[in-house]
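Take a look at the structure below.
Sequence positions, counted from 1, serve as the residue numbers for this chain. Below, all heavy atoms of this structure are taken into account, side chains as well, without hydrogens, waters or symmetry copies.
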Amino acid sequence: LENRDIDTLGPDAQAQVACAYRTLGEVIKHSQGNAQAKPLFREAHRLADRILDQAPHHREGLYERGNASYWLGLLHFDAK
């Protein structure tokens with residue numbers, strides 16, 4: 001994932017990358033903790049925002065932004 005050129009990808013492929021970051025975040029959250037997962041969820045959210053800037057009604061972009069928002073909210077809730 002680190003050696004990707006996101007600018008060359010279309011919205012569908014960008015959504016797959018966002019999904020990969022979110023999924024990794026879920027795995028890392030449960031295995032290593034919230035602090036290690038947070039950057040992965042942030043990147044998934046950033047990528048989803050990027051998709052929606054290009055295509056505001058992109059279904060997978062909306063789905064990934066919603067999921068990343070959920071996980072970031074849960075991390076915030078867990079920190080209280």
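When Gln16, Glu60, His58 are each tested for a side-chain contact (heavy atoms from CB on, under 4.5 Å) with Pro11, only one passes: His58.
Heavy atoms of other residues, nucleotides or ligands lying less than 6.0 angstrom from NE2 of His57 number 12 at most.
Here the straight-line distance linking atom OG1 of Thr23 with atom CG of Asn67 works out to 8.5 Å at 0.5 Å rounding.
In terms of the side-chain hydrogen bond (donor to acceptor under 3.5 Å, both in side chains) criterion, residue partners of Asp49 (sequence neighbours excluded) are, by chain and number, His45, Arg65. By the side chain to side chain contact (heavy atoms under 4.5 Å, CB included) test, Arg42 is found to be paired with Lys38, Leu72, residues two or more places apart in sequence or in another chain being considered. Taking Leu40 as the reference, Tyr21, Leu24, Ile28 meet the side chain to side chain contact (heavy atoms under 4.5 Å, CB included) condition, with sequence neighbours excluded. With sequence neighbours excluded, the residues satisfying side-chain hydrogen bond (donor to acceptor under 3.5 Å, both in side chains) with Arg46 are Glu43.
Applying the salt bridge (Lys or Arg N to Asp or Glu O under 4.0 Å) rule to pairs touching residues 15-31 yields Arg22-Glu26, Arg22-Glu64, Lys29-Asp78, sequence neighbours excluded. For residues 68-77, no pair satisfies salt bridge (Lys or Arg N to Asp or Glu O under 4.0 Å), with sequence neighbours left out. Within the structure, the salt bridge (Lys or Arg N to Asp or Glu O under 4.0 Å) test picks out the following pairs touching residues 7-20 (sequence neighbours left out): Asp7-Arg50.
Cluster partners of Tyr63, using a side-chain heavy-atom cutoff of under 4.5 Å among ILVMFWY residues and allowing indirect links: none. Residue Leu52 shares its hydrophobic cluster (ILVMFWY side chains chained together at separations under 4.5 Å) with Leu62.
Taking the six-membered ring where the residue is Trp, Phe41 and Trp71 present parallel rings, their angle staying beneath 30° rather than reaching 60°.
Taking 4.5 Å as the limit, every side-chain heavy atom of Leu47 sits out of range of all side-chain heavy atoms of Gln14.
The shortest non-hydrogen separation linking Ala48 to Gly61 is CB-O, 3.7 Å. The shortest heavy-atom contact between Ala44 and Ala18 is CB-O, 3.4 Å.
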